[in-house]
Amino acid sequence: MVLFCFCPVNVNVIHQSFFSINSLPHFPRHNFTFQSSHSLSLPWWKDSPRTKIHSSLTDFSVDVAVEEKKLPKGETWSVHKFGGTCVGSSARINNVADVIINDDSERKLVVVSAMSKVTDMMYDLIHKAEAQDKSYISALDAVEEKHSLTASELFDGDDLATFLSNLHQDVGNLKAMLQAIDIAGHATESFTDLVVGHGELWSAQILSYVVKKKGTPCKWMDTREVLIVNPTHADQVDPDYLETEQRLNKWYSLNPSKVIIATGFIASTPQNIPTTLKRDGSDFSAAIMGAIFRARQVTIWTDVDGVYSADPRKVSDAVILKTLSYQEAWEMSYFGANVLHPRTISPVIRYGIPIIIRNIFNTSASGTKICHPSIIENEDKKILKDYVKGFTTIDNLALVNVEGTGMAGVPGTASTIFSAVKEVGANVIMISQASSEHSVCFAVPEKEVKAVAEVLESIFDSALFAGRISQVAVISNCSILAAVGQKMASTPGVSATLFNALAQANINILAIAQGCSEYNVTVVLKREDSIKALRAVHSRFYNSQTTMAMGIIGPGLIGSTLLDQLRDQAATLKEESNIDLRVMGIMGSKSMLLDDLGIDLVKWREIREEKGEVADLEKFVQHVHGNHVIPNTVLVDCTADSVIASHYDDWLRKGIHVITPNKKANSGPLSEYLRLRALQRQSYTHYFYEATVGAGLPIIGTLRGLLETGDKILQIEGIFSGTLSYIFNNFKDGQVFSEVVAEAKEAGYTEPDPRDDLSGTDVARKVIILARESGLKLELSDIPVENLVPEPLRVSASTQEFMQKLPKFDQEFSKKQEDADTAGEVLRYVGVVDATNQKGMVELRRYKKDHPFAQLSGSDNIIAFTTRRYRYQPLIVRGPGAGAQVTAGGIFSDILRLASYLGAPS
């Protein structure tokens, strides 16, 4: 049995009490003496009408019989709350005092938390004492030293002496209390609350001394004398507003002041037992006091500029919200946003008192105002257009699904489920039930799911055995994503946009809940998708930077040109189009460069030389796609490698977008092409390959536009090779074929081995791509190709040997050219898709000199679409068809098209 006896002694000066611990097994009898400098109404001390009240800070001694000063209420009061970070050092306390003094409100109530980390230190003292760890003595000395040094840096003289004396007495009392806990091996909740509440007492006293030193009269309030709360079973407290108001009126009559420094976090029960307001108690204290004072506003000072649209640690482009309704703030708080504890909002709603969230370290920022929707509408007309205000997540959850045909139409099933959940003390975060009543699923903290599953399986044991309930399933490693906004649920398109953004980021939704309150839409998804999903939806709704993680494969001539174009355009894209293209990796055939934040494209070549590592395609893809910070991933294949192309299918299935000028995938086996196209149609993952046919020319796009609008392709005919276009545009006026080929090679128009161009295989691949896009099911082997490489030279050992022997065949080519010229025609190497006859071909043809194909110059390409609409005058697309700049430009155009599909403004 533990007996605590407290008796008042000379209450006009000091309350001196003692308590005894008797009958403790294995411990002798102990006696302790306490001294307290605070005029707190504790269980062991009852007020007497003749008692004089002493406060060591205010030096105020007055008889209760003195005429009372009535507490003025209303908008003359403003309430400020300063958290532990705000008063974490002497410099910060001094800054807080300046903020208080500079507030031009007629009256000010200031609620203050304990200094930063002090509450944790006080709890640690309790834990050490319970564990009989004697280091609590030195730990408490450290707490005393922290406050002594802080006070010494802020004020001096009698004020400092008084504070240090009171502090020393408090610490002496605390040591005795901790010794009692050490002996008992346990601390009651009331005893714990009494100990930990000292941090607020000390910080409030220190701040009041500083404010007075700066010339502003003030009084400090131990809110345990005023704020009365009733503890509930849910580890919460309910304020007793009537009793609190009565005690506040009495306190103010004895301590009238226009500036009051009050302790946050701590309060008393109706029996005068010290207690706390639990989590985020200081915010709650400020809100309660704001309601009782009928204050103009309550300002919560913290270390951020306001409430963000999403956690800025997860979404770098999150923005400060200018206003929030009470309900929006409550929803965001409930779903984990670092705004306010939901209970903080409830006291002020009744009186319509705004809460302002501001940054003590950036007082120039206006912060976020939380108030009634009508005030928001009056202050900012545009705000009502932004129906989704913010996004927040809760991690470390599990989804429990109870389903079975025997549940449908059976009354009490849901009640049985959640009664069982209540029995094990689990907290249900979200509930979703199908209208068919076939299943009920709900989210609980992951640490509680095992107990929930076990109790449900026990309760439904017979139903599971009989098959009425098919399963109690648990999906672990889940997160909740909540979108919060006023009336957004009643706004057409909001939910669709949310789900579309998640789908385009390739994120699967496990469960959905949307309340009729119209303030939130909640989805459950896998935890590894949490940040990725948050960024995806935030980007879509806030029209913020459409960020894509990019991997460039093949930094050769085309790939390096593309990187230079990205470098030159990056700033403009960010500023004008909100598109943020981050190259996370560059991989060549032998080495690769990876970066977690994005490679500096100004000096990527130098960085690759310095920090490059051995090329590893699997590691490369994992790096670019594996970061869950950027919601969208795109791999750009600038090679002509069939091995790289063979991975497209796997990448698309993983939600990785693919952009390429590589023709190997689309001109390979028909079955693989059809699988890629089907996969693209079935998902929100994009596969763009405009540059495979016309470099920078819009050939694929034009063809698709014709087909999608209902036109029918009859024939596609074109000069698809920039190299062969250049050769035959210049093969005239006595030029010999071998010299023209050598000029083209010297100018960089041909492949390193010109036979790759002259063979016609590249043109055949383009023809088969267009044929398949037109709906023809052809293999590459179905396309007859006229090979311009003389047959004896097709097996030459080297390019040099080929070039040396090519002049031997000039006469053969000259004869063809002269015959064409005599007929008033020119030679052109063309590819043809004959959709009417379901075939394709690649061959050298003759055209009249007035034909569009005869009008080309340089390395231009030209493609003619003959369709049902364009039967008599084909649709012509003409322009440069070769060169690194235009090919890279075509790839870049596909990248920007992808950004537009993902939400960038067009």
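Quick caveat: nothing in here was measured; it's all calculated off a predicted structure. Only this structure's heavy atoms are used, side chains among them; waters, hydrogens and symmetry mates stay out. Numbering of residues begins at 1 and proceeds along the displayed sequence.
For the residue pair Thr302 and Arg358, no side-chain donor N or O sits within less than 3.5 Å of a side-chain acceptor on the partner. Between the side chains of Thr263 and Glu200, not a single donor N or O lies within less than 3.5 Å of an accepting N or O. In summary, the side chains of Asp305 and Asn359 do present a donor paired with an acceptor at a separation below 3.5 Å, with no hydrogens or angles considered.
Rounding to the nearest 0.5 angstrom, the gap separating the NZ atom in Lys258 from the CH2 atom in Trp77 is 9.5 Å. Rounding to the nearest 0.5 Å gives a distance of 10.0 Å between CG of Leu149 and CD of Glu144. Within the model, atoms CG of Leu227 and CG of Leu277 stand 5.5 Å from one another, a figure rounded to the nearest 0.5 Å.
Looking only at distances, no side-chain donor or acceptor of Ser165 sits under 3.5 Å from a matching main-chain atom of Thr162.
In summary, Asp159 and Lys212 do not engage in a salt bridge, as defined by a charged side-chain N under 4.0 Å from a carboxylate O. For the pair Asp98 and Lys214, the salt-bridge criterion is met [side-chain N within less than 4.0 Å of a carboxylate O]. No salt bridge links Asp240 with Arg247; every basic N to acidic carboxylate O contact stays at or beyond 4.0 Å. Salt bridge annotation for Lys175-Asp141: present, with a cationic side-chain nitrogen under 4.0 angstrom from a carboxylate oxygen. A salt bridge does not link Glu328 to Lys369: none of the charged nitrogens lies less than 4.0 Å from a carboxylate oxygen.
Val259 places none of its side-chain heavy atoms less than 4.5 Å from the side chain of Pro217. Leu125 places none of its side-chain heavy atoms less than 4.5 Å from the side chain of Leu174.
Among Leu397, Thr392, Asn396, the single residue meeting the side chain to side chain contact (heavy atoms under 4.5 Å, CB included) criterion with Ile394 is Leu397.
Ring-plane geometry between Trp301 and His80 is classed as parallel, the angle between the planes falling under 30 degrees on a 0 to 90 degree scale with a further cut at 60.
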Trace of the ring-ring contact (aromatic ring centres under 6.0 Å, His included) decision for Phe284 with Phe265: CA-CA 8 Å; Phe284 197 15; Phe265 183 59; over 10 Å; no
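Annotation: side chain to side chain donor-acceptor pair (under 3.5 Å) contacts of Asn477 (sequence neighbours excluded): Arg527.
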